[in-house]
Amino acid sequence: MKRLDFIPGTLCDERMWSRLTPLLGDDFEFNHVPLHEARTREQMQELIAAHSAPSAHLVAFSLGSYLAIEYALLHPERVQSLVLIANSARGLSEAEKETRRRIIPMLKNNAYTGMTRMRLRELLHEAHLGDQSIIDTIQQMAVDLGKEVLLAQFTASMERPDLMERLAEIKCPVLIVGAEGDQLVDPADLREMARHLPDARLSIHEGTGHMIPLEVPQTLADDILAFLAAA
């Protein structure tokens with residue numbers, strides 16, 4: 001039975017994968033990296049090392065995908081394949097950094113009650129803004145993990161080195177999954193990542209925003225199953 005180690009994104013935990021894992025079938029063992037327990041990027045890397053297989057198939061989302069790239073560069077012998085969802089190897093866009101610089105002081109000075117409607121509009125495709133089950137999952141993770149986790153993750157992940165040129169060092173098979181409508185990640189970055197990686201396949205979809213595992217879980221499951229069968 002193949003083990004998949006899942007790395008979530010900012011203010012996410014294993015619930016990020018709750019719609020995906022039932023669609024992957026019974027041939028896998030699922031394991032989750034508790035990213036929310038870390039307060040620094042170094043601690044995030046230590047958690048991935050502690051909670052993933054010695055020769056891992058990593059499935060990672062957003063911030064988790066950036067960390068998975070970093071991990072594969074640090075420990076090439078420990079990564080058998082990579083699935084990178086909704087993330088640029090360049091790190092954060094200037095627009096997203098600006099958003100965070102605005103949010104961090106507000107977070108520090110106020111109670112955190114979950115995602116604002118404005119933030120949800122940035123995360124989700126318009127087709128899913130009325131899907132209460134998706135919104136409930138996002139909000140519940142946000143409220144449960146809370147302000148301290150969000151502040152730590154925002155701060156630790158703000159200044160990410162641009163890893164684009166180093167992708168050529170990653171020799172294992174890599175699946176890149178993205179969305180044309182992702183407001184946080186430029187699809188052009190994903191296409192460039194695929195060009196730099198020695199063994200990459202690229203899958204960019206319409207009809208979803210940033211939260212691909214919750215928005216289009218069947219599409220993502222099909223991508224992952226085809227990739228792992230080929231890899």
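- Contact detail for Leu84 and Ala68: the closest heavy-atom pair is CD2-CB, 4.1 Å.
- Residues Ser55 and Gln80 have side chains that bring a donor and an acceptor to within less than 3.5 angstrom of each other.
- The shortest non-hydrogen separation linking Ser52 to Arg78 is O-NH2, 3.3 Å.
- Closest heavy-atom contact between Ala89 and Tyr66: O-CE1, 3.8 Å.
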Determine, step by step, whether Met44 and Ile7 satisfy the side-chain contact (heavy atoms from CB on, under 4.5 Å) criterion, reporting the C-alpha distance in whole Å, the side-chain angles of both residues, the deciding distance to 0.1 Å, and the verdict. CA-CA 10 Å; Met44 291 172 184; Ile7 312 173; over 6 Å; no
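- Every side chain to side chain contact (heavy atoms under 4.5 Å, CB included) that Arg191 has, sequence neighbours left out, goes to Glu180, Pro187, Arg195, Leu202, Ile204.
- Residues Phe61 and Trp17 have side chains in contact (heavy-atom distance under 4.5 Å, counting atoms from C-beta outward).
- No side-chain donor from either of His205 and Thr219 sits under 3.5 Å from a side-chain acceptor of the other.
- To the nearest 0.5 Å, atom NZ of residue Lys108 and atom CD1 of residue Ile103 are 13.0 Å apart.
- Across every non-hydrogen atom of Cys172 and Ser81, the tightest pair is SG-CA, 4.0 Å.
- In this structure, a donor-acceptor pair under 3.5 Å is present between the side chains of Gln132 and Asp136.
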In residues 22-35, what donor-acceptor pairs under 3.5 Å come from side-chain atoms, sequence neighbours left out?
| unit_1 | atom_1 | unit_2 | atom_2 | d |
| --- | --- | --- | --- | --- |
| Asn31 | ND2 | Asp5 | OD1 | 2.8 |
| Asn31 | ND2 | His51 | O | 2.5 |

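- Judged as a side chain to side chain contact (heavy atoms under 4.5 Å, CB included), and not counting sequence neighbours, the contacts of Lys147 are Leu107, Tyr112, Leu151.
- Inspection of the Arg100 and Ser157 side chains reveals an N or O donor paired with an N or O acceptor under 3.5 Å.
- Separating the CG atom in Leu120 from the CD1 atom in Ile138 is a distance of 5.5 Å, to the nearest 0.5 Å.
- For Ala86 against Ile212, the heavy-atom pair with the smallest separation is CB-CD1, 4.2 Å.
- Taking CG of Leu197 as the reference point, atom CD1 of Ile176 lies at 5.0 Å (rounded to 0.5 Å).
- Interatomic distance, Ile69 CD1 to Ile170 CD1, rounded to the nearest 0.5 Å: 6.0 Å.
- Qualifying side chain to side chain contact (heavy atoms under 4.5 Å, CB included) partners for Asp131, counting only residues two or more places apart in sequence or in other chains: Arg19, Ser133, Ile134.
- Residue Glu42 qualifies as open at atom CD: its count of foreign heavy atoms under 6.0 Å is 12 or below.
- For the atom pair CZ of Phe154 and OG1 of Thr99, the computed distance is 8.5 Å after rounding to the nearest 0.5 Å.
- The pair Arg15-Asp144 counts as a salt bridge, with a side-chain nitrogen and a carboxylate oxygen less than 4.0 angstrom apart.
- Remark: His125 pairs with no residue by the ring-ring contact (aromatic ring centres under 6.0 Å, His included) rule, at least two apart or across chains.
- The existence of a salt bridge linking Arg41 and Glu70 is confirmed by a sub-4.0 Å separation between a basic side-chain nitrogen and an acidic carboxylate oxygen.
- Note on Glu159 versus Lys97: salt bridge recorded, some NZ/NE/NH1/NH2 to OD/OE distance being below 4.0 Å.
- A single hydrophobic cluster is seen to contain both Leu167 and Leu73, as judged by linkage of ILVMFWY side chains at heavy-atom distances under 4.5 Å, directly or through other members.
- For Leu129 against Arg117, the heavy-atom pair with the smallest separation is O-NH2, 3.2 Å.
- Residues His210 and Ser62 bring a donor and an acceptor atom of their side chains to less than 3.5 Å of each other.
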Check against side-chain contact (heavy atoms from CB on, under 4.5 Å), Leu190 and Val185: CA-CA 8 Å; Leu190 306 184; Val185 179; 3.9 Å; yes
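- Distance CG/Leu11 to CE/Met16: 11.0 Å, rounded to 0.5 Å.
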Begin with the C-alpha distance, continue with both residues' side-chain angles, and end with the deciding distance and a verdict on side-chain contact (heavy atoms from CB on, under 4.5 Å) for Leu82 and Val79. CA-CA 7 Å; Leu82 281 173; Val79 181; 3.8 Å; yes
Go through Leu63 and Asn87 one step at a time and tell me if the side-chain contact (heavy atoms from CB on, under 4.5 Å) criterion holds. CA-CA 7 Å; Leu63 167 61; Asn87 174 77; over 6 Å; no
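- Looking only at atom types and distance, the side chain of Ser88 has a donor-acceptor partner in the side chain of Asp189 under 3.5 Å away.
- Under the ring-ring contact (aromatic ring centres under 6.0 Å, His included) criterion, His75 pairs with Tyr71, sequence neighbours left out.
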